[in-house]
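Written out below as structure tokens is the structure these notes cover.
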Amino acid sequence: MGKKVIVTGDRPTGRLHIGHYFGSLRKRVEMQNSGLYEPYILIADVQALTDNFNNPDKVHKNVREVAMDYLSCGIDPEKSTIYVQSMIPEVAELTVFYSNLVTIARLERNPTVKTEIAQKRDLFGESVTYGFLGYPVSQAADITAFEAELVPVGEDQLPLIEQCREIVRKFNSIYGDVLKEPEAILSDGKRIKGLDGNEKMGKSLGNAIYLSDSEEEITKKVMGAVTDPGRIKKDDLGNPDICMVSYYHKLFTNPDDYETVCNECKAGTRGCVACKKQLAHNIIEYLRPIREKRKYYEEHQEIVDKILMEGTLKAQKKAKETMRKIKKAMKLNYFE
Ligand code: TRP
């Protein structure tokens, strides 16, 4: 049996943080190493422009940052194809073809798009752009250009995959059975809360620890994490359930030590400062291999570029093959 094609990716609007790591990167590496799949991982620069069209420098710069984050986490270019979305012209072409198969009302009802539009009032004002409203169509092109069977994504992306499936069904009902209907699989990862206790860790929220953060940055961020507000003096009894330091200890500290953390906190025998220092140390050690690998790539940009170029070439080939079938089905194959 052939390997199942996977397509997934990220918008290059910032470096990746531990929320990305636990949420999706770890799972991608696992899937890649299982040998059961053929993963395509796109750096979605065109999609990033839909809400950053006024900031091309940011998108440009972060394409390489995201690539380095992938490589340092264990995405292996021998096993996964990492490529740049804008360099696959077929994706742009398909987006145009699919735009006939989706109504504006349906896009406006997409819960993910709806939420994002509400969050982006500053950028869009009263009226959203055609490109942003239509980005689910472009994402459907990302997925189907590679005949993906599986799309590992977070929960927030499910409406986009559903919309892709609808486009596929509509396409196939009109032009014949050409496109594969993909399935979403939840990257079973945890959603990681921010250092401030916010449900979401996010670059725009300023509450994230990045995979590329230095030891000093990690320590500084952990020292500023939100703890039980009721604990003022060192021997006050603490409640680890409402403390972000305890929350992260659970992720980065071995289970026995974690139990000690909670017990001492509840008994008022553990000071928050010492507790934070221990946590910072554990996070630093946990991320050390990633940070060291990343440093290597930072010092060898030419290797990163070569990986991106080779991945992109491979992706171009695959997308071209799919496009030939699609154009034939749509009777756009004039001189064949
Ligand atoms: N929308 C995804 C995100 O913001 C990124 C993405 C673009 C994607 N194209 C994709 C994910 C195709 C999976 C498949 O995280």
Side-chain angles (χ1 to χ4, degrees), residues 4-17 19-28 31-32 37-52 58-59 62-63 65-67 69-70 75 80-88 90-92 94-95 98 107 110-117 119-120 131-168 179-187 189 191-192 200-204 208 311-312 315 318-319 322:
K4 286 194 173 177
V5 174
I6 297 179
V7 170
T8 189
D10 296 279
R11 299 181 200 183
T13 51
R15 292 172 290 139
L16 302 182
H17 50 63
H20 294 112
Y21 183 73
F22 287 105
S24 60
L25 296 175
R26 229 173 29 162
K27 167 96 171 185
R28 287 183 200 166
M31 292 183 87
Q32 160 199 282
Y37 308 100
E38 185 184 345
Y40 286 84
I41 305 183
L42 76 143
I43 304 182
D45 56 346
V46 177
Q47 191 176 105
L49 284 170
T50 60
D51 58 346
N52 290 279
K58 172 167 143 190
V59 176
N62 282 303
V63 168
E65 296 288 344
V66 169
D69 285 329
Y70 286 164
I75 300 287
S80 295
T81 306
I82 308 174
Y83 67 96
V84 181
Q85 185 192 24
S86 64
M87 292 179 74
I88 315 295
E90 286 78 10
V91 166
L94 280 180
T95 305
Y98 295 166
L107 287 165
N110 184 308
T112 307
V113 177
K114 228 167 144 174
T115 312
E116 284 178 291
I117 290 175
Q119 288 164 350
K120 294 176 205 292
F132 190 82
L133 184 66
Y135 95 75
V137 184
S138 149
Q139 188 153 327
D142 291 331
I143 295 167
T144 53
F146 298 90
E147 306 191 291
E149 289 183 71
L150 293 174
V151 189
V153 284
E155 209 162 10
D156 62 315
Q157 295 283 303
L158 291 179
L160 295 165
I161 312 306
E162 192 43 47
Q163 187 142 25
C164 172
R165 288 161 61 90
E166 281 175 35
I167 291 172
V168 167
L179 300 181
K180 276 216 172 95
E181 196 170 323
E183 243 175 78
I185 34 172
L186 280 178
S187 17
R191 173 173 269 228
I192 305 286
K200 208 178 149 160
M201 179 173 280
K203 46 195 166 250
S204 52
T312 299
K318 173 97 179 156
T322 314

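Here, residue 1 is the first one in the sequence, and each next residue gets the next number. Predicted, not measured: the structure shown is a model, and the values here were computed from it. First listed ligand is number 1; within each ligand, the first listed atom is number 1.
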* To do: Please determine if Asp45 and Arg11 form a salt bridge, counting it only when a charged side-chain N lies under 4.0 Å from a carboxylate O.
  =>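 Here Asp45 does not pair with Arg11 in a salt bridge, since their nearest N and O are not under 4.0 Å apart.
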* Measure the spacing between OG of Ser187 and CD of Gln157 and express it to the nearest 0.5 Å. =>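 Going from OG on Ser187 over to CD on Gln157, the span is 9.0 Å.
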* Asked: Say you draw a straight line from CG of Asn62 to CG of Asp69; how long is it, rounded to the nearest 0.5 Å?
  ->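 It comes to 9.0 Å.
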* To do: Start with the C-alpha distance between Gln85 and Gln47, add both sets of side-chain angles, then the distance that settles side-chain hydrogen bond (donor to acceptor under 3.5 Å, both in side chains), and finish with yes or no.
  => CA-CA 8 Å; Gln85 185 192 24; Gln47 191 176 105; 5.9 Å; no
Which atom pairs, donor and acceptor, lie under 3.5 Å between side-chain atoms of residues 144-153 and protein residues at least two apart or in another chain?
unit_1 : atom_1 : unit_2 : atom_2 : d
Thr144 : OG1    : Tyr98  : OH     : 2.8
Thr144 : OG1    : Ala140 : O      : 2.7
Glu147 : OE1    : Lys325 : NZ     : 3.2
Glu147 : OE2    : Lys325 : NZ     : 3.0

* Asked: So which residues, sorted by chain and number, lie with a heavy atom under 4.0 Å of ligand 1?
  ->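 Correct list: Val7, Thr8, Gly9, Arg11, Leu42, Ala44, Gln47, Gln139, Asp142, Ile143, Val151, Val153, Gln157.
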* Identify the residue among Glu65, His20, Arg28 that makes a side-chain contact (heavy atoms from CB on, under 4.5 Å) with Tyr70. =>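 By the side-chain contact (heavy atoms from CB on, under 4.5 Å) criterion, Tyr70 pairs with just one of Glu65, His20, Arg28: Arg28.
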